[in-house]
A.B. asks: 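Can you keep this structure in mind? I'll have questions shortly.
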Amino acid sequence: MSVATVVTAATVIMIGYRVGRAHAAWRDLRAAKRDVPAKRKIAWGHTRPLLLGALFLLATMVAAAYDAGH
């Protein structure tokens, strides 16, 4: 089993977990009629790492493509 396979599998699992948590947090926010500011903070707390991880993954892919091209 190569390192790339393990890294890819771990990345897919991590992204799936993060997407699920972010979706659940926003669903809880919509369901809550009170305590909205606290729920919104929790929802953004789960969404922010997902977005930052996606940007990091995109930057890594761009850097790898650039490096492969030169």
Side-chain angles (χ1 to χ4, degrees):
M1 185 175 293
S2 71
V3 173
T5 303
V6 172
V7 169
T8 302
T11 301
V12 168
I13 290 169
M14 189 257 331
I15 289 172
Y17 172 76
R18 281 285 166 204
V19 167
R21 289 302 308 142
H23 177 70
W26 286 106
R27 190 180 61 232
D28 289 347
L29 175 64
R30 284 190 301 271
K33 297 298 180 192
R34 58 183 187 278
D35 196 30
V36 171
K39 295 284 186 184
R40 185 177 293 129
K41 185 176 180 180
I42 291 169
W44 277 113
H46 286 295
T47 303
R48 194 173 296 114
L50 174 64
L51 293 176
L52 291 176
L55 287 175
F56 176 76
L57 185 63
L58 182 62
T60 302
M61 295 297 180
V62 168
Y66 178 79
D67 189 44
H70 285 88

A.B. asks: Return the CG to CG distance between L52 and L57, rounded to the nearest 0.5 Å.
C.D. replies: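 So the CG of L52 and the CG of L57 are separated by 12.5 Å.
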A.B. asks: For V7 and T11, which heavy atoms make the closest approach, and how far apart are they?
C.D. replies: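 Where V7 meets T11 most closely, the heavy atoms are O-OG1, 2.7 Å.
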A.B. asks: In the single-linkage hydrophobic clustering (I, L, V, M, F, W, Y; side-chain heavy atoms under 4.5 Å), do M14 and L50 co-cluster?
C.D. replies: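 Yes, because M14 and L50 connect within a single hydrophobic cluster, where side-chain heavy atoms sit under 4.5 Å apart.
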A.B. asks: Cluster question for you: counting only ILVMFWY and a side-chain heavy-atom cut-off of under 4.5 Å, with indirect links fine, are L51 and M61 together?
C.D. replies: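 No: no chain of side-chain contacts under 4.5 Å links L51 to M61.
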A.B. asks: Show the nearest heavy-atom pair for residues A43 and A25, with the distance to one decimal.
C.D. replies: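 Closest approach of A43 to A25, heavy atoms only: CA-CB, 3.5 Å.
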A.B. asks: Run through K41, R48, H46 and flag the one making a side-chain contact (heavy atoms from CB on, under 4.5 Å) with W44.
C.D. replies: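 The passing option is R48.
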A.B. asks: Nearest 0.5 Å, please: how far is CD1 in I42 from CH2 in W26?
C.D. replies: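 Between atom CH2 of W26 and atom CD1 of I42 there are 11.5 Å.
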A.B. asks: Roughly how far, to the nearest 0.5 Å, is the OG1 atom of T47 from the CZ atom of R40?
C.D. replies: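 OG1 of T47 is found 12.0 Å from CZ of R40.
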A.B. asks: Out of curiosity, D28 CG to H23 NE2, how far, rounded to the nearest 0.5 Å?
C.D. replies: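 Those atoms lie 9.5 Å apart.
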